[in-house]
Amino acid sequence: MFGSSSSSNQRERGNVASDSSWYQQTYGGATCSNYLCPGTLACVDKPTHCPCAWPGVEEKFELDADGIAVCLSRGGRAGFVGRKVELARKGLL
């Protein structure tokens with residue numbers, strides 16, 4: 001009733017599916033001879049080289065020697081997120 005034709009028109013214009021099928025299809029079709037970053041689909045030498053999806057507003061932190069890293073939104077204050085990560089590493093959070 002309300003815009004049923006408009007919702008089908010939006011899909012025709014290129015809206016992605018509301019589930020993970022688009023991501024899975026894109027991931028499955030990506031060609032990478034090294035490591036394919038799951039968050040950005042960037043092809044890099046090793047997991048620690050994966051970029052953050054939004055580098056203008058995120059900061060990457062490596063959590064351990066195994067190459068586990070997270071991208072966290074930057075806070076309003078310089079160094080705030082980094083201090084929180086260090087406290088978490090020490091088990092103080």
Side-chain angles (χ1 to χ4, degrees):
M1 178 174 132
F2 288 101
S4 62
S5 64
S6 80
S7 64
S8 64
N9 287 340
Q10 287 176 346
R11 265 187 248 122
E12 291 171 12
R13 290 185 205 154
N15 284 350
V16 296
S18 60
D19 59 17
S20 62
S21 63
W22 176 86
Y23 176 85
Q24 292 171 359
Q25 182 178 14
T26 304
Y27 185 89
T31 302
C32 180
S33 59
N34 295 315
Y35 181 79
L36 184 62
C37 301
T40 59
L41 302 182
C43 184
V44 297
D45 292 329
K46 53 187 176 178
T48 55
H49 291 172
C50 287
C52 291
W54 305 99
V57 295
E58 291 178 325
E59 201 168 338
K60 185 167 100 175
F61 295 93
E62 290 187 27
L63 300 179
D64 61 19
D66 293 330
I68 296 174
V70 295
C71 292
L72 302 172
S73 294
R74 292 186 181 126
R77 294 175 280 173
F80 178 77
V81 176
R83 284 192 296 275
K84 292 292 184 183
V85 169
E86 285 305 314
L87 289 171
R89 282 183 181 147
K90 295 175 184 176
L92 299 174
L93 279 183

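FYI, the numbering just counts along the sequence from 1. The model shown is predicted, which means the values in this text are computed figures rather than measured ones.
Using a 4.5 Å heavy-atom cutoff, the side chains of C52 and F61 are not in contact. Side-chain contact between C50 and Y35 is present, with at least one heavy-atom pair separated by less than 4.5 Å. Using a 4.5 Å cut-off on side-chain heavy atoms (C-beta onward), E86 and R89 make contact.
Although no hydrogens or angles enter the test, the distance criterion places a donor-acceptor pair under 3.5 Å between the side chain of K60 and the main chain of T48. Using modelled atom types, no side-chain atom of R74 and backbone atom of F80 make a donor-acceptor pair closer than 3.5 Å.
Cluster annotation: I68 and L72 are assigned to the same hydrophobic cluster (Ile/Leu/Val/Met/Phe/Trp/Tyr, side-chain heavy-atom contacts under 4.5 Å, transitive).
A pairwise comparison of heavy atoms in L41 and L36 identifies O-CD1, 3.4 Å as the closest pair. Summarising the geometry of A53 relative to E58, their closest heavy-atom pair is N-OE1, 3.4 Å, with the distance given to 0.1 Å.
In this structure, cysteines C37 and C43 have SG atoms that are not closer than 2.5 angstrom.
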